[in-house]
Amino acid sequence: MDKRRLEQIETYVLGFFKAERRTQILAKELFASTTYANADLVRAMEALEKTHRLLVRHTTDGFDYVSLTPQGAAYLGLEKMEEDTDLSTMPHPPKSATKS
């Protein structure tokens, strides 16, 4: 995937959070919201997670979620996190993302 297309999809993902005014969404909501290929959305989410540290992907009670990190929420101007979000239990990025 070329860099320009990846950036376009990353912008879409962040725009989805901003339009919904939420810091946590079900992954299936994001996939259903667009005509972008699921694989392209996954690549964009990986870049936002590993490179930019703006979001994390996690599974809770069998549901796949995408959540903004505190940095991601601040970047989008969504300062208030949902009440049920416990930041102390927010998943850490994968170890592969922290290797240099």
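The figures here come from the full heavy-atom set of this structure, side chains too, leaving out hydrogens, waters and symmetry mates.
Side-chain atoms of Val42 and Phe31, non-hydrogen and from C-beta on, do get closer than 4.5 Å to each other. A heavy-atom distance below 4.5 Å is not found between the side chains of Gln71 and His52. When side chains are defined from C-beta on, Leu30 counts as touching Met45, because their heavy atoms get closer than 4.5 Å. Gln8 places a side-chain heavy atom less than 4.5 Å from the side chain of Tyr36.
Classification of Arg5 and Asp2 as a salt-bridged pair fails, no side-chain N sitting under 4.0 Å from a carboxylate O.
Listed by chain and number, the residues in a side chain to side chain contact (heavy atoms under 4.5 Å, CB included) with Tyr75 are Leu14, Leu54 (sequence neighbours excluded). Judged as a side-chain hydrogen bond (donor to acceptor under 3.5 Å, both in side chains), and not counting sequence neighbours, Glu7 has no contacts. Listed by chain and residue number, nothing satisfies the side-chain hydrogen bond (donor to acceptor under 3.5 Å, both in side chains) test with Thr11 (two or more places apart in sequence, or in another chain). Judged as a side-chain hydrogen bond (donor to acceptor under 3.5 Å, both in side chains), and not counting sequence neighbours, the contacts of Tyr12 are Ser33. A search for side-chain hydrogen bond (donor to acceptor under 3.5 Å, both in side chains) contacts involving Glu29 returns Arg22, not counting sequence neighbours.
Atoms CG and CZ, on Leu48 and Phe17 in that order, are 9.0 Å from each other to the nearest 0.5 Å. The distance from atom CG of Leu68 to atom CZ of Arg53, rounded to the nearest 0.5 Å, is 15.0 Å. Annotation: the span from Leu6 atom CG to Asp40 atom CG amounts to 8.5 Å, rounded to 0.5 Å.
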For residues 59-66, run the donor-acceptor check on the side chains, cut-off 3.5 Å, and write out each pair with its distance to 0.1 Å, sequence neighbours left out.
unit_1: Thr59; atom_1: OG1; unit_2: Asp64; atom_2: OD1; d: 2.7
unit_1: Thr60; atom_1: OG1; unit_2: His58; atom_2: ND1; d: 3.3

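When each of Glu49, Glu46, Glu10 is checked for a side-chain contact (heavy atoms from CB on, under 4.5 Å) with Leu55, only Glu49 meets the rule.
With hydrogens and angles ignored, the 3.5 Å screen pairs no side-chain donor or acceptor of Thr23 with any backbone N or O of Ala73.
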